[in-house]
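Counting begins at 1 with the first residue of the sequence.
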Amino acid sequence: MPTTSYPSSAKSLANKMRPHPALLSIVGLLILIVAPAACTASAHAAPPGHKEEMARLKQACQEATQRSEHLRALILSERMLDMAKAENDNYYMGYALYYQGLSNVVSGKPEDGKAQLDSALAYATALDNDTLLMQIHNGYGIYQADTRINPALAQRHFFKSLEYAVKIGDGFRQALVECNLAEIACIRKDPEGLKYARSCYQWGLANDNPQMIFSGAYQCANLYRITGDNDRAMENVEIANDVLKKYGHQDEESALYRLRGSILFDMGRYDEAELWLDKALTAADRAQASNLPEIYLCYAKIYARSGNISRSDAMIQKGLRACDSLSTKSSLAELYELKSQNRERAGDYRMALEAYKLYKIRCDSIFDAQERQSVNELRVQYDIDKREREADLSRLMLANERNRNAVLVVSLCSVLLILIILTWHYQKLRRLYKKIVIRQREEMECEKAASMPREERTDEIYANLCRLMEEEKIYTDSHLTRDRVAEMLGTNRTYLTQIIKTYTGKSYPQFVNGYRIRHALRVLSDAESADYPLKALSTDLGFSSLSTFYKTFQNEVGMTPSMYKNIAKDI
C-alpha cells in the first residue's frame with residue numbers, strides 16, 4: 001500500500017479548508033512499484049555482477065520510495081548512478097536520475113529535483129522507454145502542482161503520463177494516474193474529478209487492490225467534501241480507514257485523520273474535529289511535510305471560530321514556521337488571511353493590515369504569474385482536453401481490439417432499447433389521448449344526464465347525487481365523507497355505495513375523484529388558467545394533499561397535471 005504523498009499546491013485564496021493533497025504522491029509514486037522487468041537495454045552492457053547489483057539498487061529505490069523513505073532513496077540512487085556512470089549504462093542512469101529527482105521534489109528541494117528529472121527525460125527519450133517516460137511526466141506533474149502552483153500544467157503532465165499508461169496497456173497504471181487527476185481536481189475545486197476518483201476506486205475493488213481502494217476512497221472523500229456532501233465524504237473516509245487498519249500502513253494515518261477533522265469542522269463539530277487533529281499531529285512525523293501546515297491551519301480555524309484568538313494566532317505562527325522550514329507554499333495565503341482576520345477581531349488594525357499585505361502579495365504573485373502565462377494557459381488547457389479525448393479514444397480502441405463482438409452487441413442492444421423507448425412513448429401517447437377523449441365524453445354524458453327532466457331518471461337518489469356533484473360541487477370539500485353525502489340524500493352509506501356501483505361501476509372514492517379530475521381537466525385545458533398554481537387547484541378541488549392530487553390525476557389521465565398542463569398549452 002502506498003505511503004508517499006506530495007505537498008499540496010496553492011488553491012484559490014478564498015477557499016476554506018481545502019482538501020489535503022497527501023494522496024497525489026501516494027498514488028503517483030506507486031507507479032514506481034510496477035516497472036516492467038523487460039526494458040530497453042543500454043548501449044553498453046555492464047558485467048553480469050554489476051547488472052545484478054544495479055537491478056537490486058533499482059528495486060531498493062522503488063521500495064524506499066513506496067515507504068516514503070526519500071532520504072534512503074536518494075542514497076541508494078546515488079550509488080546506482082555512480083555505478084551506472086562507471087559502466088556507461090544509460091538505462092540505469094535514467095532511472096537513478098529519476099529517483100533522485102522525484103525524491104528531491106517531494107522532500108523540499110524541488111529545483112534540484114526538476115533538473116534531475118530533466119536529465120532523466122533525456123535518457124528516457126533516447127532509450128524510447130515508455131515506462132520511464134510515464135513516470136517522469138508523473139514527477140513533472142507533482143513538481144508543477146506543488147512547486148509552481150500550476151494545476152493546469154500539472155494536469156498536462158498527468159494526461160501525458162496517462163497517455164503512456166494507456167499505450168502500455170496496464171490498467172493499474174491508468175488507475176494511478178487517474179487518482180492523480182482526481183487530486184488536481186480537488187486543488188481546482190472541480191467536482192468533475194469524481195469520475196477519476198470513482199474509476200480508481202472501482203478498479204481497486206474489481207482487482208482486490210487495497211492501494212487503489214484506499215486512494216480512490218480518499219479522493220472521493222475530498223471531492224464530496226468540496227461539493228458540501230459531508231455525509232458521503234465521511235462514508236468514504238470510513239472506507240479508507242478500514243483499508244488502513246486492515247493492512248497496517250501508518251504513513252497515511254496523519255493525512256486521513258486531518259481529512260476527517262476537516263470534514264467534522266465543516267459540519268460544525270469542532271470538539272470532535274480537534275480530537276482528530278490531535279491524532280493527525282501525533283502521526284505527522286510519518287507523513288509528508290505538506291500535511292503539517294494543513295493541520296495547524298485547521299487548528300487555527302477551529303480556535304478562531306470558537307473565539308480563542310490567541311490560540312488561533314499561535315497555531316498560525318506554527319503553520320508559517322512549518323511552511324518556511326519544510327519549503328511548502330500551499331498554506332501560506334490562507335494562514336496570512338486568517339492572521340489578518342484575527343488581528344482585526346482583536347482590534348490590532350496595524351498588524352491586521354500588515355498580515356493582509358502579505359496575503360495580498362501572495363494573491364498578486366499568483367495573479368501576475370497567471371497573467372504572464374495567460375496565452376500559454378489557453379494552449380495548455382486545449383492540450384489537456386485533447387489529451388483526455390485521446391486517452392479515452394485509446395481506451396476505446398484497445399477495447400475494440402480485445403472484443404469487437406462485444407461492441408457490436410452493445411450497439412445492437414442500444415438500437416433495440418431506443419426502439420423500445422420510442423414505441424413505449426408512442427403507445428403511452430395513444431393511451432393518453434384515448435383516456436382524455438373518454439373522460440371528455442363521460443363528462444358530456446354526465447352533463448347531458450343532468451339536463452334531463454327529473455321524471456326521466458330511474459333513480460331519484462342517483463339524480464340528486466349527480467345534482468349535488470355537478471351544480472353544488474360538493475366534491476370540492478376536502479372533508480366530504482360517505483356518511484355526509486348519504487345524509488344529504490336521505491339514505492344510508494351502504495345504499496349510496498350500491499347506487500354508485502350500479503350506475504357507474506365505481507367505488508365511492510373513485511366516483512368523487514372522477515368529478516374532481518374532470519374539473520381539473522377543464523381548468524388545465526383553459527388557456528386563461530395557465531397561471532393557476534397546481535397546489536391551489538389541488539386544495540380547491542378538495543384533495544387532502546398535492547401528492548394525492550398528482551397520484552389520482554396520473555391514474556385517471558395517464559400523465560401528471562403539470563405534463564397535461566404543458567401539453568394543453570401546445571394544442
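We find that Glu163 and Lys167 are not joined by a salt bridge, their nearest charged nitrogen and carboxylate oxygen being 4.0 Å or further apart. In summary, Arg260 and Glu238 engage in a salt bridge, as defined by a charged side-chain N under 4.0 Å from a carboxylate O. Using a 4.0 Å cut-off between charged nitrogen and carboxylate oxygen, Lys279 and Glu253 do not count as a salt-bridge pair.
Within the 4.5 Å cutoff, no side-chain heavy atoms of Tyr98 are placed close to those of Ser77. Side-chain contact between Tyr140 and Lys114 is present, with at least one heavy-atom pair separated by less than 4.5 Å. Within the 4.5 Å cutoff, no side-chain heavy atoms of Trp276 are placed close to those of Leu259. The shortest side-chain heavy-atom distance between Leu422 and Ile418 falls under the 4.5 Å cut-off. Using a 4.5 Å heavy-atom cutoff, the side chains of Val105 and Asp112 are not in contact. Inter-residue side-chain proximity for Tyr303 and Ile309 is flagged as unmet; no heavy-atom pair is nearer than 4.5 Å.
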### Task
Please lay out, stage by stage, how Leu338 and Glu334 fare under the test side chain to side chain contact (heavy atoms under 4.5 Å, CB included).
CA-CA 6 Å; Leu338 184 57; Glu334 287 190 80; over 6 Å; no
### Task
I would like to know whether Tyr296 and Leu281 meet side chain to side chain contact (heavy atoms under 4.5 Å, CB included); could you show each step before the answer?
CA-CA 9 Å; Tyr296 288 135; Leu281 191 59; 3.9 Å; yes
### Message
I'd like to know whether Tyr299 forms a side-chain hydrogen bond (donor to acceptor under 3.5 Å, both in side chains) with Asp278, so could you lay out the CA-CA distance, the side-chain angles of the two residues, the decisive distance to 0.1 Å, and finally the verdict.
### Response
CA-CA 9 Å; Tyr299 270 127; Asp278 290 343; 2.3 Å; yes
### Task
Please test Leu256 against Tyr218 for side chain to side chain contact (heavy atoms under 4.5 Å, CB included), starting from the C-alpha separation and ending with a verdict.
CA-CA 8 Å; Leu256 190 60; Tyr218 184 97; 3.8 Å; yes
#### Entry: Full working for side chain to side chain contact (heavy atoms under 4.5 Å, CB included) between Tyr257 and Leu277
CA-CA 6 Å; Tyr257 293 158; Leu277 289 176; over 6 Å; no
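Defined by atom type and a distance below 3.5 Å, a donor-acceptor pair is missing between the side-chain atoms of Asp540 and Ser538. Between the side chains of Tyr164 and Asn138, no donor-acceptor pair of N or O atoms lies under 3.5 Å. Between the side chains of Ser414 and Ser411, not a single donor N or O lies within less than 3.5 Å of an accepting N or O. Side chain to side chain, Tyr201 and Gln219 fail the donor-acceptor criterion of an N or O pair below 3.5 Å. For Tyr270 and Arg305, the side-chain atoms include at least one donor-acceptor pair closer than 3.5 Å. Side chains of Asn342 and Asp313: a donor-acceptor N/O pair is present below 3.5 angstrom, by distance only. There is a side-chain donor-acceptor pair under 3.5 Å between Ser262 and Arg258. Tyr99 and Gln62 share a side-chain donor-acceptor pair at under 3.5 Å. Checking Gln554 against Thr560 by side-chain atom types alone, no donor-acceptor pair falls below 3.5 Å.
Between Ser254 and Ile295 the shortest heavy-atom distance is OG-CD1, 3.7 Å. Heavy-atom minimum distance, Gly204 versus Met212: CA-CB, 3.7 Å. Taking every heavy atom of both residues into account, Leu537 and Tyr532 meet most closely at N-CE2, 3.7 Å.
Looking at Ile239, Asn236, Val237 one by one, the single match for side-chain contact (heavy atoms from CB on, under 4.5 Å) with Cys220 turns out to be Asn236.
With hydrogens and angles disregarded, no donor-acceptor distance shorter than 3.5 Å links the side chain of Ser103 to the backbone of Ala73. Within the 3.5 Å criterion, the main-chain N or O of Asn308 finds no donor-acceptor partner in the side chain of Ser312.
The aromatic rings of Phe549 and Phe553 stand perpendicular to each other, their planes meeting at an angle above 60°, with 30° marking the opposite boundary.
By the neighbour-count criterion of 12 heavy atoms within 6.0 Å, atom CD of Glu344 is sparsely surrounded, having that number or fewer from other residues, nucleotides or ligands.
In this structure, CZ on Phe158 lies 12.0 Å from NE2 on His137, to the nearest 0.5 angstrom. Separating the CG atom in Leu297 from the CE atom in Met315 is a distance of 11.5 Å, to the nearest 0.5 Å. Going from atom CD1 of Ile263 over to atom CE of Met234 covers 5.0 Å, rounded to the nearest 0.5 Å. Put simply, CZ on Arg198 and CG on Leu223 are 9.0 Å apart, with the number rounded to the nearest 0.5 Å. Annotation: the span from Cys323 atom SG to Tyr336 atom OH amounts to 8.0 Å, rounded to 0.5 Å. Distance CD/Gln116 to CG/Leu102: 10.5 Å, rounded to 0.5 Å.
Glu111 pairs by the salt bridge (charged side-chain N to carboxylate O under 4.0 Å, His left out) definition with Arg148, not counting sequence neighbours.
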